[in-house]
Amino acid sequence: MKHLFLVISFLVFLTPSLTANVKFDREAETERQRSILANAHSAADSLAPLFNLYDLIVTADRNEIGFQLMHTARRAKNTTVALDIIRNLANNNMRNDSILTELLAEAKDYPESADRRETVTFIKLMRNNALFKYSSPEVKTESLHSLLERLDGTPSNNIYDRIVMLHAVCATLANFPEDDTFRGYVDQLNELVEQLPPSDIFLKNFFYVNAAISYTCSMEYQRAIYYDQKLLQVIDKLEERNRQNKRKFKSYDPNRYIIYTRMLENADGLTPSEVEEFYRKAMDIVKNDPRAAHTYAKSPTPTIYYNYYHRNYAKVLELLKEYLDLDHLTYRQLSTLKMLIESARATGDNKMLLEAYPHYVDMLREYISARSNEKHNVLQVVYDLNQMKAENIRLEKERQAQIRDSWRKRMAALIVALVALLVFVVILYRARRKAQKLAESLEISNKDLEAQKRNLLDAQHQTAKARDQAVRADQLKTDFINNMSHEVKAPLQ
């Protein structure tokens with residue numbers, strides 16, 4: 001019997017198919033595009049047929065065509081096409097880290113732009129899934145410890161770096177979508193994604209797909225439906241973008257089929273009318289799209305979920321018996337086995353119950369054991385980080401206390417210096433005032449001395465004048481006596 005794939009993790013912009021309601025010979029169209037490519041005269045002329053071939057081919061050759069298109073776009077210097085196919089190739093090789101590393105280096109080689117930044121971030125998110133989501137529990141534990149330590153450090157101001165870091169944490173915690181720690185980081189990541197510019201639809205698409213799948217696994221119906229509705233809006237934008245780029249062989253109907261199927265899986269979060277609407281849309285796509293029809297033929301999951309919602313257990317059991325391989329179940333199909341057991345019990349199929357119960361018990365035991373071990377590892381990491389945070393807080397408090405002590409000492413020294421300075425200023429002020437008063441006294445004394453000097457000079461002048469007058473008077477007296485003596489002596493003689 002065939003496998004029943006309940007959780008499909010394709011990204012909505014990758015899956016190529018024929019345009020809805022368009023019927024033609026794929027092989028003939030593929031050969032026609034190869035002929036156009038063979039007759040192309042330049043790298044630029046080769047881009048359209050190469051992209052058409054990439055959308056038409058569904059075999060392993062598709063990867064080869066994709067890399068040829070990437071190199072041709074570089075030669076044609078068409079950055080938009082080059083980065084677009086790089087994203088497609090990254091999604092097509094999401095678990096091959098060596099190819100993702102090569103594509104990351106190729107994207108980084110282009111000049112800085114919004115498209116380049118989105119492409120580089122997209123590939124980094126793909127590598128997160130490859131490195132963390134699908135790694136062993138031991139690697140997850142070690143990675144989570146490092147990631148949380150870096151995340152709790154100084155946050156990056158670059159929103160794209162922050163998104164990559166938060167997504168890496170969410171990828172390591174992907175097995176615990178019901179955990180409050182996981183929800184908290186997803187909510188933080190959602191806030192950042194909603195802040196991205198409208199042109200970053202590929203990053204938003206990537207986040208919505210992962211969120212819808214995680215919340216479907218944890219049976220959080222409303223959250224899963226919310227992100228699937230976001231995905232449908234992104235698909236509309238991507239289709240408009242493809243119409244503008246004339247990619248006529250690119251269709252997102254297979255992806256809508258996946259989304260409608262997942263929403264039917266979460267039917268407990270839908271209204272009855274919504275259940276009918278999404279089932280009808282899924283079946284319409286099966287009628288018109290070859291890839292969706294091929295997927296439905298291998299596992300008619302929409303019909304299973306639809307009948308399970310309406311409690312038509314006989315039909316559910318019939319389909320599960322045909323398509324479910326009990327010998328090759330994984331823990332991701334635990335809910336399917338539970339649905340099988342519930343349907344068998346409701347219809348009284350004891351034989352199926354006896355066959356399914358051992359598988360269910362074994363799977364449940366393995367699931368619980370694996371989840372317990374991983375949960376223990378996660379809790380240990382969180383505990384270690386909390387211990388580290390507590391130690392860092394203690395050290396920070398000690399450092400702050402030392403800073404405060406040092407600050408107090410510096411403040412005391414500063415106060416002493418200020419007091420000394422104040423005393424010096426007061427002394428200086430007083431000395432200056434005293435000097436000013438002394439200067440004023442000296443100035444007054446100088447003025448008095450100048451006045452006394454002037455008076456002395458006046459007195460000296462008056463004295464010299466009086467002396468000169470006395471000398472002249474004495475001379476006159478002498479002259480008078482001499483004259484009188486002569487006058488007297490002469491007659492006498």
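Throughout, residue positions are numbered sequentially from 1 according to the sequence presented.
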Self-check item: Distance in Å, Q233 CD paired with L238 CG, rounded so as to fall on 0.5 Å steps
Solution: 12.0 Å
Self-check item: For the student: nearest non-hydrogen atoms of F249 and D55, plus distance
Solution: O-CB, 3.7 Å
Quiz item: After noting the C-alpha distance and the side-chain angles of L270 and Y221, does the key distance pass the side chain to side chain contact (heavy atoms under 4.5 Å, CB included) rule?
Solution: CA-CA 8 Å; L270 301 173; Y221 311 120; over 6 Å; no
Practice problem: Starting at CG of N78, measure out to OG of S46 and round the result to the nearest 0.5 Å. | Solution: 12.0 Å
Self-check item: Heavy atoms of other groups near R311 CZ, more than 12 under 6.0 Å
Solution: no
Quiz item: Without hydrogens or angle criteria, can the side chains of T271 and S273 be said to hold a donor-acceptor pair below 3.5 Å?
Solution: yes
Exercise. Decide yes or no for Q68 and L53: does some side-chain heavy atom of the first lie under 4.5 Å from some side-chain heavy atom of the second?
Key: no
Quiz item: Which atom pair, heavy atoms only, marks the closest approach of N288 to P290?
Solution: O-CD, 3.9 Å
Exercise. For D289 and I285, indicate whether the former's side chain and the latter's backbone hold a donor-acceptor pair under 3.5 Å.
Key: no
Self-check item: Gap between atom OG1 of T121 and atom CZ of R162 - 0.5 Å precision
Solution: 14.5 Å
Practice problem: Examine distances only and state if a side-chain atom of N266 and a backbone atom of R262 form a donor-acceptor pair shorter than 3.5 Å. | Solution: yes
Practice problem: Please report the shortest heavy-atom distance between A282 and Y257, naming the atom on each side. | Solution: O-CD1, 3.7 Å
Exercise. Fit a plane to each ring of Y260 and F278, take the angle between them on a 0 to 90° scale, and name the class: parallel (under 30°), tilted (30 to 60°) or perpendicular (over 60°).
Key: parallel
Quiz item: Checking side chain to side chain contact (heavy atoms under 4.5 Å, CB included) against I85, which of T72, L69, L50 comes through?
Solution: L69
Quiz item: Does a side chain donor of either D115 or Y110 reach within less than 3.5 Å of an acceptor in the other side chain?
Solution: no
Practice problem: Just jot down the ring-ring contact (aromatic ring centres under 6.0 Å, His included) partners of Y226, sequence neighbours excluded, or say none. | Solution: none
Quiz item: Is a side-chain donor or acceptor of D200 paired with a backbone partner of L203 at a separation under 3.5 angstrom?
Solution: no
Quiz item: Can you check side chain to side chain contact (heavy atoms under 4.5 Å, CB included) on I99 and L89, steps first, answer last?
Solution: CA-CA 9 Å; I99 292 181; L89 286 170; 5.9 Å; no
Quiz item: Taking C-beta and beyond as the side chain, do M126 and L103 meet within less than 4.5 Å on heavy atoms?
Solution: no
Tell me which donor-acceptor pairs under 3.5 Å the side chains of residues 341-348 have, and how far apart each pair is, sequence neighbours excluded?
unit_1	atom_1	unit_2	atom_2	d
E342	OE1	Y308	OH	2.5
E342	OE2	Y313	OH	3.4
S343	OG	M339	O	2.9
R345	NH2	Y357	OH	2.5
T347	OG1	S343	O	2.8
T347	OG1	A344	O	3.3

Exercise. Look at R256 together with D236 and state whether they make a salt bridge at an N to O cut-off of under 4.0 Å.
Key: yes
Self-check item: Derivation and outcome, salt bridge (Lys or Arg N to Asp or Glu O under 4.0 Å), residues R223 and D187
Solution: CA-CA 11 Å; R223 282 178 175 250; D187 289 341; 3.5 Å; yes
Quiz item: Looking only at heavy atoms, which two atoms of P111 and R116 are closest? And how far apart?
Solution: O-CD, 3.0 Å
Practice problem: Quick one: pull up CG in L232 and CE in M263 and give me the separation to the nearest 0.5 Å. | Solution: 6.0 Å
Quiz item: Is the closest side-chain heavy-atom distance between L125 and N210 below 4.5 Å?
Solution: no
Quiz item: Are side-chain N/O atoms of Y306 and E276 paired as donor and acceptor at under 3.5 Å?
Solution: yes
Quiz prompt | From CA spacing to verdict: side chain to side chain contact (heavy atoms under 4.5 Å, CB included), R87, D84 | solution = CA-CA 5 Å; R87 288 190 294 266; D84 191 7; 3.7 Å; yes
Quiz item: At their closest point, which heavy atom of M94 faces which heavy atom of N91, and how far apart are they?
Solution: CE-O, 3.3 Å
Practice problem: Starting at CG of L231, measure out to CZ of F206 and round the result to the nearest 0.5 Å. | Solution: 12.0 Å
Practice problem: State whether the side chain of S35 and the backbone N or O of E31 hold a donor-acceptor pair below 3.5 Å, judged by distance alone. | Solution: no
Quiz item: Can you check whether T295 reaches P254 side chain to side chain, under 4.5 Å on heavy atoms?
Solution: no
Exercise. Check whether any side-chain N or O of N128 sits under 3.5 Å from a backbone N or O of V164 as a donor-acceptor pair, and report yes or no.
Key: yes
Quiz item: Between R241 and I201, is a side chain to side chain contact (heavy atoms under 4.5 Å, CB included) present by the stated rule, with each step listed?
Solution: CA-CA 10 Å; R241 185 170 181 163; I201 53 178; 3.8 Å; yes
Quiz prompt | Donor-acceptor pair, side chain of E118 and main chain of F202, under 3.5 angstrom | solution = yes
Quiz prompt | Q244: partners by side-chain contact (heavy atoms from CB on, under 4.5 Å), with sequence neighbours left out | solution = E240
Quiz item: If every non-hydrogen atom of I163 is compared with every non-hydrogen atom of L189, which pair is closest and at what distance?
Solution: O-CD1, 3.7 Å
Quiz item: How many angstroms lie between CG in L37 and CG in D45, if you round to the nearest 0.5 Å?
Solution: 10.5 Å
Quiz item: Does Y227 have any side-chain contact (heavy atoms from CB on, under 4.5 Å) partners at least two apart in sequence or in another chain, and if so, which?
Solution: V186, N190, F207, Y208, A211, A212, Y215
Quiz item: Side-chain contact, heavy-atom cut-off 4.5 Å: L340 with M352?
Solution: yes
Quiz prompt | Partner residues of D362 under the salt bridge (charged side-chain N to carboxylate O under 4.0 Å, His left out) criterion, sequence neighbours left out | solution = R365
Quiz item: Quick check: are there more than 12 heavy atoms from other residues, nucleotides or ligands sitting under 6.0 Å from CE of M219?
Solution: no
Exercise. For H294, check ring-ring contact (aromatic ring centres under 6.0 Å, His included) against everything at least two apart and list the hits.
Key: none
Quiz item: Just checking, any donor-acceptor pair under 3.5 angstrom between side chains of E29 and Q33?
Solution: yes
Exercise. State whether the number of non-hydrogen atoms from other residues, nucleotides or ligands found under 6.0 Å of E112 atom CD is greater than 12.
Key: yes
Exercise. Could you tell me whether the side chain of H310 reaches within less than 4.5 Å of the side chain of K315, counting heavy atoms only?
Key: no
Quiz item: Does some side-chain heavy atom of Y279 sit less than 4.5 Å from a side-chain heavy atom of T303?
Solution: yes
